[in-house]
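A short worksheet on the structure shown next.
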Amino acid sequence: AEKKAKDLQNLLNQYSYDYHVLDQPTIPDAEYDRLLRELLEIEEQFPELQTADSPTQRVGGETLSMFHKVQHTIPMLSLGNAFDDQELRDFDRRVRQGVGDNVSYVCELKIDGLAVSLIYEDGMFIRGATRGDGTTGEDITSNLRTIRSLPIRLKKPVSLEVRGEAFMPKKSFVALNKARKEREEEPFANPRNAAAGSLRQLDPKIAASRNLDVFLYGIADVGDTGIRSHSEGLDYLEQLGFKTNKERRKVDSIEAVIEYVNGWVEKRPDLPYDIDGIVIKVDSLDQQAELGTTAKSPRWAIAYKFPA
Ligand SMILES: COc1nc2nc(N)nc(N)c2nc1C
């Protein structure tokens with residue numbers, strides 16, 4: 001039974017990764033559900049087989065009484081904003097004044113959700129928290145565990161902290177508000193509020209029912225990984241099994257940034273999730289360190305905000 005359980009856990013985790021992280025389902029849902037039921041039965045008979053990374057353990061047990069406060073050892077900063085092309089050029093000028101003309105940028109979609117920090121030890125997810133005020137957040141581990149695209153066990157047994165954006169896809173948002181209307185409950189104003197409200201639920205079963213998702217966009221401290229650029233960092237996150245946003249693009253000029261940004265102004269409605277802007281980051285980690293941060297935000301990144 002132990003080998004059977006282990007094989008089923010690995011198989012189901014792989015199928016879940018294909019479906020939720022790669023968006024490439026490899027078996028029909030009914031087949032996945034059948035295998036999951038088979039695993040549940042074995043784990044019911046042999047509770048010691050209910051390991052933390054078993055797909056049956058996604059939805060935690062008890063309802064919490066409150067969320068505990070947690071300290072971010074590395075502060076979660078906010079981003080400075082740019083509202084037009086000229087302000088992007090100003091940002092580029094400041095960057096070049098700081099590090100010279102040999103600069104590459106990474107452009108990323110700014111998902112309209114809420115920032116989260118995930119801590120892994122020896123490859124296992126051990127803590128997830130909200131940004132809070134940047135230094136003190138709330139421990140919402142049990143709710144974040146219910147996000148199917150969030151890996152419980154990484155593909156390598158590494159210890160690191162990653163940051164990203166938890167969000168509610170538009171499809172989930174429409175379905176949720178339809179169900180709330182039928183129950184004569186107040187609908188959520190937008191997917192961001194719905195995601196925030198879902199992650200603030202004390203009962204993880206409610207969070208699990210909200211079909212949330214998450215994109216990771218950064219490593220808190222690359223430590224001795226030898227990673228030299230932000231884009232390498234994102235590739236590393238993908239190798240570990242994290243979901244990153246594939247629309248990112250590395251460019252070598254602010255004109256190319258402006259072209260990318262303007263391209264997304266029109267394409268925005270076609271996305272399956274809300275975005276409220278584009279984040280532009282200096283790619284080289286050495287140049288990021290040279291530019292440093294203010295008390296609030298990095299000097300090496302900026303958020304181009306779309307008109308609301
Ligand atoms: C480096 O700091 C950041 N990077 C980010 N990247 C993306 N894609 N989206 C964000 N919301 C974001 N926010 C912050 C503070």
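Keep in mind that what you see is a predicted model, and the values were worked out from it rather than measured. Counting starts at 1 for both ligands and their atoms, following the listed order. Positions are given from 1, in the same order as the sequence printed here.
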Point to revise | Pair D7 + K3, salt bridge at N-O below 4.0 Å | key: yes

Practice item. Verify whether the ring centers belonging to F167 and F215 lie closer than 6.0 Å. Key: yes

Exercise for review: Answer with yes or no whether the side chains of D18 and Q14 bring together a donor and an acceptor at under 3.5 Å.
Suggested key: yes

May I have the list of side-chain donor-acceptor pairs in residues 301-308 shorter than 3.5 Å, sequence neighbours left out?
residue	atom	partner	partner atom	Å
K305	NZ	D276	OD2	3.1

Review point. Atoms of ligand 1 less than 4.0 Å from L77 heavy atoms?
Key: 15 (C)

Exercise for review: Name the closest protein heavy atom to atom 2 (O) of ligand 1, giving the residue it belongs to and the distance to 0.1 Å.
Suggested key: L79 CD2, 4.0 Å

Check your understanding: Short N/O distance, under 3.5 Å, between E108 and ligand 1?
Key -> yes

Study note, to complete from the structure: Tightest non-hydrogen contact, residues E108 and L234, listed as OE2-CD1, 3.5 Å

Point to revise | Protein heavy-atom partner closest to atom 12 (C) of ligand 1 - residue, atom, separation in Å | key: Y217 CZ, 3.4 Å

Check your understanding: Can D92 and R89 be counted as an ion pair, charged N to O under 4.0 angstrom?
Key -> no

Practice item. Please confirm whether I111 comes under 4.0 Å of ligand 1, counting heavy atoms of the residue only. Key: no

Exercise for review: Report the member of K281, E165, R163 with the shortest heavy-atom distance to atom 4 (N) of ligand 1.
Suggested key: K281

Check your understanding: Are the ring centres of Y19 and Y32 closer than 6.0 Å?
Key -> no

Point to revise | Ligand-side contact atoms (ligand 1) for residue partner L109, heavy atom cut-off under 4.0 Å | key: 8 (N)

Check your understanding: Is it the side chain (CB and beyond), the backbone, both or neither of N245 that lies under 4.0 Å from ligand 1, heavy atoms counted?
Key -> neither

Study note, to complete from the structure: Ranked by distance from atom 1 (C) of ligand 1, the top protein heavy atom is W300 CH2, 3.6 Å

